[in-house]
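A short worksheet on the structure shown next.
Remember, predicted model here, so these are calculated numbers, not experimental data.
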Amino acid sequence: MEMTISPRKEHNSEGTGFLPRAEIVQDEHPLSLGKTSVWNQHFQESETVEQIDRDVKRTHPEMQFFNAGSSDALANQESLKRILTIFAKLNPGIRYVQGMNEVLAPLYYVFKNDPDQSNAAEAESDAFFCFVEVLSGFRDNFCKQLDNSVVGIRSTISRLSQLLKRHDEELWRHLEVVTKVNPQFYAFRWITLLLTQEFKFRDCIHLWDALLGDPEGPPDTLLRICCAMLILVRRRLLAGDFTANLKLLQNYPPTNIDHLIHIANKLRGLVPC
């Protein structure tokens, strides 16, 4: 039901007394949860900015480049915040999802460390452009409304499961049937964060060279790399139970990135549509 407040008359021409107020509809009430409420939108944006601030401060604290102990690091953090905030405003269907800071970090780091100082000076804008491009291929994985659709994250994880089954049914059966390790327990993070949490930062950058440069496109390439990760620890997985396998896959061991990419390349043509 619409709620209105009648305007009050001005007491004199000098403006003393109460100023007249325009009609206020219910959706504009500060406590309104209406989707069109400017107050509700304001509070949501404030929560998003606060979440971005918290996440950016936690981005690779072990690295001087991101650690807030220097003025350069603080400036880098501010750049990350601006990029993520603008992205959230321009993409209201997705907004900001926790972990996007981890996807942005390698891009910004590479641009900011360009030997050509004129290029490095444009790191923020270049990183923003590439961040948008990278996420354009994975944006459906971040949209909760699409979780159960044919393009959502669960469908993507299912494609990884099918890829493993096509290549190594024994390993697939041991994981998902015998030990009942649902791929969502480990692959959700692998896929949504593009493996940024599974490897050391420089190894991640090396891996992304293959991920972003492959002609098959990042989404299919990512699934091949994830499947290759399972294949590389095959013996340990076949010997493990639910607890051991889950621990292994949620804390993936250090590996030779070149060898991982080599195994992933052998899976070309097997990724299900």
Side-chain angles (χ1 to χ4, degrees), residues 1-3 22-60 66 75-112 122-159 184 187-197 208 211-212 217-220 222-223:
M1 176 179 179
E2 186 177 72
M3 176 182 68
E23 291 187 349
I24 300 177
V25 297
Q26 186 175 7
D27 276 352
E28 298 311 321
H29 190 283
L31 299 181
S32 171
L33 297 178
K35 292 183 179 179
T36 60
S37 167
V38 293
W39 283 103
N40 189 28
Q41 292 172 5
H42 168 74
F43 292 135
Q44 286 186 345
E45 289 180 1
S46 296
E47 290 177 2
T48 298
V49 170
E50 291 175 2
Q51 182 66 62
I52 289 173
D53 182 67
R54 287 194 296 269
D55 288 352
V56 166
K57 288 177 179 177
R58 292 195 292 257
T59 303
H60 295 288
F66 295 110
N76 292 333
Q77 287 191 355
E78 289 302 316
S79 289
L80 296 183
K81 291 177 188 178
R82 282 192 292 269
I83 292 172
L84 294 170
T85 300
I86 293 173
F87 177 86
K89 287 181 176 291
L90 294 177
N91 295 271
I94 302 176
R95 301 181 68 82
Y96 171 77
V97 177
Q98 191 170 18
M100 284 184 176
N101 59 304
E102 301 293 350
V103 177
L104 172 61
L107 296 171
Y108 181 76
Y109 177 87
V110 169
F111 284 119
K112 192 65 176 178
E122 303 296 329
E124 186 173 324
S125 56
D126 289 343
F128 174 78
F129 175 82
C130 288
F131 180 69
V132 172
E133 287 296 303
V134 169
L135 256 61
S136 67
F138 297 99
R139 59 182 295 129
D140 292 342
N141 291 332
F142 291 97
C143 189
K144 290 183 179 180
Q145 294 88 337
L146 297 177
D147 279 357
N148 296 315
S149 72
V150 296
V151 295
I153 182 61
R154 291 180 182 174
S155 176
T156 302
I157 292 174
S158 177
R159 291 177 64 209
Q184 190 166 339
F188 183 90
R189 187 177 72 182
W190 290 9
I191 293 170
T192 56
L193 301 188
L194 308 187
L195 301 174
T196 55
Q197 297 298 286
W208 273 32
L211 178 66
L212 302 181
D220 284 357
L222 177 62
L223 290 184

For this session: Please indicate whether K81 has more than 12 foreign heavy atoms, meaning atoms of other residues, nucleotides or ligands, lying under 6.0 Å from its NZ.
Result: yes
Problem set entry | side-chain contact (heavy atoms from CB on, under 4.5 Å) between F66 and L80, intermediate numbers included | CA-CA 10 Å; F66 295 110; L80 296 183; 3.8 Å; yes
Problem set entry | Under the side chain to side chain contact (heavy atoms under 4.5 Å, CB included) test, residues paired with L193 that sit two or more places apart | R189, T196, Q197
Exercise. Rounded to the nearest 0.5 Å, how far apart are CZ of F128 and CG of L84?
Worked result: 10.0 Å
For this session: For F138 and L222, work out which heavy atoms get closest and say how close.
Result: CE2-CD2, 3.6 Å
Exercise. With no hydrogens and no angle check, is any side-chain donor or acceptor of E102 less than 3.5 Å from a backbone partner on T59?
Worked result: no
Exercise. Who pairs with E122 by salt bridge (Lys or Arg N to Asp or Glu O under 4.0 Å), at least two apart in sequence or on another chain?
Worked result: none
Problem set entry | Minimal non-hydrogen separation, E124 against I83, with atom names | O-CD1, 3.5 Å
Exercise. Do D220 and R159 come within less than 4.5 Å of each other through their side chains, counting heavy atoms only?
Worked result: yes
Exercise. Closest approach of P92 and K89, non-hydrogen atoms and distance?
Worked result: CD-O, 3.8 Å
Exercise. Mind checking what makes salt bridge (Lys or Arg N to Asp or Glu O under 4.0 Å) contact with R54, not counting sequence neighbours?
Worked result: none
Side chains of residues 105-112: which donor-acceptor pairs under 3.5 Å do they make with residues two or more places apart or in other chains?
residue, atom, partner, partner atom, Å
Y108, OH, N76, OD1, 3.0
Y108, OH, S79, OG, 3.3
Y109, OH, R202, NH2, 3.0

Seminar exercise, completed: Applying side chain to side chain contact (heavy atoms under 4.5 Å, CB included) to E133 and not counting sequence neighbours gives F129
Seminar exercise, completed: Contacts of F87 meeting ring pair (Phe, Tyr, Trp, His ring centres under 6.0 Å) (sequence neighbours excluded), chain-then-number -> F131
For this session: Write down the atom of P219, the atom of G137, and the distance for their closest heavy-atom approach.
Result: CG-O, 3.5 Å
Exercise. In a check of side-chain hydrogen bond (donor to acceptor under 3.5 Å, both in side chains) between Y96 and each of N101, T85, N91, T48, which one passes?
Worked result: N101
For this session: State, yes or no, whether a side-chain contact exists between V134 and L194 at a heavy-atom distance under 4.5 Å.
Result: yes
